[in-house]
Protein chains: 2
Amino acid sequence: MAGRVTIAQVAEEAGVSAMTVSNVISGKPGASDETRRRVLEVAAKLGYRPNQAARNLKTGRSGLVGLIALDLTNQYGLEILRGVADELAGAEQELLVNASYHDAGREKDRIEFLAGGLVDGLLLIAPVLEDETIELLRRRKLPCVVIDPRRLDVPLPRITVDNYHGMRQGTQHLIDLGHTRIAYLRGGEDLESTSIRFRGFQDAMRLAGLEVAEELVATCDFTYASGFRTASRLISEHRPTALVAGADLLALGAIDAARSCGLTVPNDFSFVGFDDLPQAAQSFPGLTTVRQPLHDMGQKAALALLSLIEGQKLLMEHMELGTELIIRNSTAAPPA
Amino acid sequence: MAGRVTIAQVAEEAGVSAMTVSNVISGKPGASDETRRRVLEVAAKLGYRPNQAARNLKTGRSGLVGLIALDLTNQYGLEILRGVADELAGAEQELLVNASYHDAGREKDRIEFLAGGLVDGLLLIAPVLEDETIELLRRRKLPCVVIDPRRLDVPLPRITVDNYHGMRQGTQHLIDLGHTRIAYLRGGEDLESTSIRFRGFQDAMRLAGLEVAEELVATCDFTYASGFRTASRLISEHRPTALVAGADLLALGAIDAARSCGLTVPNDFSFVGFDDLPQAAQSFPGLTTVRQPLHDMGQKAALALLSLIEGQKLLMEHMELGTELIIRNSTAAPPA
DNA sequence: CTGTTAGCGCATTCAA
DNA sequence: TTGAATGCGCTAACAG
């Protein structure tokens, strides 16, 4: 429907061959300045734009990078996406975004679809990645980089974060402030990173000689509402003085739960999150949290994918990035 | 790189012609069950996937819908995007998402790029749309639907919201509660909807016999931080009892500003927002706000675009959707 | 119901 | 420095 003008028309109008137009348009050398000028002029006049489909068919590349995210509503994935987009802006690649909506079946379906030659490479954010899907990817030889897979050992190039030390550091911060009764809010069970973060919490506690009281640990979904609900119960029933959450969204819900119990943050109760989503800074009081370099992860993943697409060998199969404790105003010493 | 198996190979292996394979694969009628079965079997065995580029070249369609959003960080655009994605999921169209990052130049560049045959149609969220860009779109005859343009009268199919009555209703809610000193936080100047919302506020006040005190009206950027800053000043210097914001993000910032001034919401101070972003419900106290049907706007826009792509005439050039006042817990009667 | 012919628009190869 | 021929993989139109 679009791009009505073809290279042939430009060629005729400019009195040269299609080949010459092609060369000039794609900025190849080998064309006199005079010819180049005329071709460009005619192309502009006619409003010529190369037909992507034809170009793709010829070159075997689409100029598209596929990205499959869990959904398009959660900031976690979107921050990564921004990093990807920023990196891709420089390369001549566009982003084709698909969501799997937390459904393994749909994830497989989307991957299969995109792998059908639509994209030159694939970026997966927090995918489930069943064995069958991995097999498909390998068979197709489709360049692919995985960010934060559920199972950390997937046999594909991947980028993860040092969840263990991040959570230890976050927990340690509360311990240093003098807290001893610290609650923990785990995210959903099926992610390996959830367990790793919890281990970081446990170890920090144990090494400080503190007990991890079983009733102070609860599991909930990765949502604000679930964090609110679960924390309400934890706080009202067991009265800890601080809470560590496996994700900012949970921490944010928990803070509001404390507030609705009439507690003041951080005077009466301290909170530490994990992620450092934009909301963490845009809340009152600002949320102390363990920062994942989400934007950076996106950029690094995109960069790795681009080099894979160019046919280069990857420097490393697995890249683990560090975290950083961001201290804001949701933590303080426990009430006397 | 991907999709190595071609239709010819499948045809040979199955002992039929390429045409037959093509028909079977695209689910066209006219193929005996037996043939169909065999073709499908061979295709599966070989892992055949049609090459999109070739298909696109032949059919003149890419199966891609372009979407240009301001950026990928603000929930406003993302809610619309979700609506679009939901609608497109049913059609055989994929979404190619681009961001313009609030830059008119980049917006034009992106549109020009996508219009080069990459997409079958274009959805624009809150675009600037310079005259030149509109001209380009028309020349290319690229199907296009605009959501919430800055200038409401762009000569393209468009979907907007009834900003005027929405804001009147939101303001009226505060008036009904007994507020008389009501502040107003305007969003950035260059959007027509900003002015229209403000007019709704003014009219509601005037019709209730209330004065719109000049010092109680302030303009700020569409960000939480800017809302926080501006509201802090407004509240501490002029002591209104309620504030209406031209966007939820501003209201959320304003609420935290009130809190940081030691005020309790809604007992000491009431707030009304505009948009009903997910954050409005996920905050404490829940934000009373004027709901824009963002998801619905996305769906309707996508639906309209799809019919345009199918070559059908549009039922209407301009569609204005209604708003709804969502009363949560950020509003109450003014302190005695 | 199935096969043949042709060509979408471009870029690679080679020749001029 | 430029041009002619060729084919990427697929499907519309028609013929058998």
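Within every chain, numbering begins at 1; the chains are lettered A, B, ... in the order of the sequence lines, protein sequences first and strands thereafter. Bear in mind the structure is a predicted one, so any value in this text is a computation, not a measurement.
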How many whole angstroms separate atom [atom1] of [X] from atom [atom2] of [N]?
X       : N      : atom1 : atom2 : answer
B:Ile7  : D:dC8  : CD1   : P     : 14 Å
A:Asn56 : D:dC10 : CG    : C1'   : 14 Å
A:Met19 : D:dA5  : CE    : C1'   : 12 Å
A:Ile25 : C:dC10 : CD1   : P     : 9 Å
B:Asn51 : D:dT11 : CG    : C1'   : 13 Å
B:Arg49 : D:dG9  : CZ    : P     : 17 Å
A:Arg55 : D:dG9  : CZ    : P     : 18 Å
B:Glu12 : C:dG3  : CD    : P     : 13 Å

Any side-chain N or O of [X] below 4.0 angstrom from OP1/OP2 of [N]?
X       : N      : value
B:Lys28 : D:dA12 : yes
B:Thr20 : C:dG3  : yes
A:Thr59 : C:dA11 : no
B:Ser32 : C:dT2  : yes

Is there a side-chain contact between [X] and [Y] (heavy atoms, below 4.5 Å)?
X        : Y        : answer
A:Leu67  : A:Ile125 : yes
B:Asn56  : A:Asn56  : no
A:Glu107 : A:Leu129 : yes
A:Leu142 : A:Leu114 : no

Along DNA chain C (nearest heavy atom to each residue), the more 5'-positioned of B:Pro29 and B:Leu57: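 Closest to the 5' end, via its nearest nucleotide, is B:Pro29.
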
Position toward the 5' end of DNA chain C (nearest nucleotide), B:Arg36 or B:Ala54: B:Arg36

Among C:dA11, D:dT11, D:dG9, the nucleotide that comes nearest once only the side chain of B:Ala18 is considered: D:dT11

Salt-bridge contact B:Lys108-B:Glu130 (side-chain N to carboxylate O under 4.0 Å):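 B:Glu130 and B:Lys108: not salt-bridged.
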
Sugar-phosphate, base or nothing in reach of B:Thr35, heavy atoms under 4.0 Å: sugar-phosphate

